[in-house]
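What follows is a short report on a single structure.
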Amino acid sequence: MTRSPDTTGNAVARLADRLSELAGAAVVLERPSDPSHGDYATNVALRTAPQHKQPPRELAADLAARAAELEEIERAEVAGPGFLNLWVTTEWLVRALAEIGADYGAGAPEQAQKIQVELISANPAGPLTVGSARNGAYGDSVARVLAYAGHEVEREYYFNDAGRQVDLFRASVEARRRGDELPEGGYQGEYIDELARVEGDPVARMLEEIRREIAEFRIPVDTWRHQGEIEKHVAEVLPKLDTFEAEGTIWARTSAYEDDKDRPLVRSSDGSYLYFAADVAYVRDKLERGFDRAIYVLGADHHGYVGRLKAAAAMLGYDPERIEVLIYQLVHIVEGGETKKISKRRGDVVFLHELIAKIGIDAARWYLVSRGHDQPIDIDVDLAADRTQKNPVYYVQYAHARIAGILRNVEGDSAGETPTDLASEERDLIKRLLEFPLVVAESAERRAPHAIPIYAIRLADDFHRFYHEHRVVGSETEAFRLTLARATQSIIARALDLIGVEAPERM
RNA sequence: GCGCCUGUAGCUCAGUGGACAGAGCGGCGGCCUUCUAAGCCGCGGGUCGGAGGUUCGAAUCCUCCCAGGCGCACCA
């Protein structure tokens, strides 16, 4: 809505600005799906007709006449109920292509924010699961996109290493070592057996294991926080809260701050902290570190957290808007046509390292981030395992590798004339490249990185079509086509990087 | 019961007010003496869960209903 993409380096946005001046209203340029509707189209006449009290087609005709005068515009036509269809000139497309540099689409938002993205934060009671993998793939991509959009981003991981679950986890390993019965509701599985066979604190081992897996999954976590550390500051925070005592417990009156109910903080009998106490201290810890915004990435099974976290911020006197909770739907595992109920405690869970072993990091990251975060994901492990050849990630990577192949064939200075006429494949490809800044801006604003792989598929599609029809090296417009190929390669690489996927030179 | 999310092609999913609803996979049929055929082209395929409503215009916004997932712990 208030989106203002960086118009200086974005030819489409500049064109929209010029048209906006002519129209006296904000013009949004779309790429029509039907090529007979022009290179770009706008519905501005339809939207502004009521306030002008004029028929939309009349307004559109008026705007068409003036738009046709612009040097960028080859042709302007009114169509349908009042759409304005525009054809741009070849010169404009060639110039726009030439502007595409290494950081094309990188934002410089008028107000860059300091943003923290807290991701995964799984219990160190076992290796990361595919659920954690989605959290990481999604959260890290949001972080990458926000950073590319111009924000200052830090990634943080919070270890719940002081709660009942880790105690239970330790007890489970120790029971296994002694050959005793598992504690009630204890953890089991092969990894528990392995931990039991070696000396040392299993929690410490899991902390190291998780850090290793996260690095392998290409998530550059900047800071690590431990629940034990945060709890040391609970005593400082409690006096700032709106509390009351009942039933042997000190409660936070979060219901007065738009939470569903009040939350227990401290068990009066022994003074032990309940989980929400650490939550509150952690909220303060985050906001006092100077982040304009603290983003939590949580699975749908934690969506009840939204209210209490914002309430915690409000109760401490912070603007609750600084707390943003991103909820992603859960990942289910389908095996043999049946959805598995997964439980880390029971041990019937699919771990991230198993998923990586089966389909690789690139496919895993692509797969986990290429669906909307509001969409549940069913991973059919059998399908994911043998579908690798057909995974769209390879289709996109292949386009990148193909371009690398072309560039290896270039010898010396490239020559050739500037084209005065473009083939449809060239026009389509350039227009696709010019979409990238808007895709990134929207993706950042909506916390929706899944738009990136979708765009990457279309871009690869346009490139493969171009490649099939036209030669680059040795063509009459070699220099121009090399520019086109390089720009395509650069944007594919950037798009893949934004979702943590590699862009290979050869395949 | 209450809250959040979802329901679009055989399957997996895009599409948060605009022009006949798109892609991949699967199915069928074509294209390699030329920069990578992990590619390209073509053909089939949909009452956008259902019913009302708002709007010049609805897959998209509102209401109700149906179906599924997840919550509603002194677990995390």
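Within every chain, numbering begins at 1; the chains are lettered A, B, ... in the order of the sequence lines, protein sequences first and strands thereafter.
Of the two residues near RNA chain B, A/A401 and A/H302, the one whose nearest nucleotide lies more 5' is A/A401.
A search for salt bridge (Lys or Arg N to Asp or Glu O under 4.0 Å) contacts involving A/R486 returns nothing, not counting sequence neighbours. For A/R458, the salt bridge (Lys or Arg N to Asp or Glu O under 4.0 Å) test picks out no residue, with sequence neighbours left out. By the salt bridge (Lys or Arg N to Asp or Glu O under 4.0 Å) test, A/E174 is found to be paired with no residue, residues two or more places apart in sequence or in another chain being considered.
For the pair A/K286 and A/Y296, the cation-pi criterion (under 6.0 Å, within 45° of the ring axis) is fulfilled.
Within the structure, ring pair (Phe, Tyr, Trp, His ring centres under 6.0 Å) pairs that include any residue of residues 438-460 of chain A comprise A/F436-A/Y455 (at least two apart or interchain). Evaluation of the salt bridge (charged side-chain N to carboxylate O under 4.0 Å, His left out) test over residues 469-485 of chain A, restricted to residues two or more places apart or in two chains, returns A/E426-A/R481. The stretch residues 49-63 of chain A participates, sequence neighbours left out, in these salt bridge (charged side-chain N to carboxylate O under 4.0 Å, His left out) pairs: A/D62-A/R66. Among residue pairs with one or both ends in residues 297-308 of chain A, none qualify as side chain to side chain donor-acceptor pair (under 3.5 Å); sequence neighbours excluded. Judged as a salt bridge (charged side-chain N to carboxylate O under 4.0 Å, His left out), not a single pair has a partner in residues 393-411 of chain A (not counting sequence neighbours).
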Requested in this report: With pairs defined as Watson-Crick or G-U wobble and both distances under 3.5 angstrom, please note down RNA chain B as a dot-bracket string, | for pairing with another strand.
Outcome: ((((((((.[[[[.)..(...]]]].(((((.......))))).....[[[[[..)....]]]]])))))))....
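A heavy-atom distance below 4.0 Å to RNA chain B is reached by these residues of residues 500-507 of chain A, ordered by number: A/E505, A/R506, A/M507.
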Query raised in the report: Which nucleotides of nucleotides 14-19 of chain B have their base under 4.0 Å from a protein heavy atom (B), which only their sugar-phosphate (S), and which neither (-), written as one string 5' to 3'?
Result: SSB-BB
Every protein N/O lying under 3.5 Å from an N/O of nucleotides 26-28 of chain B:
unit_1 : atom_1 : unit_2 : atom_2 : d
B/G26  : OP1    : A/K390 : NZ     : 2.6

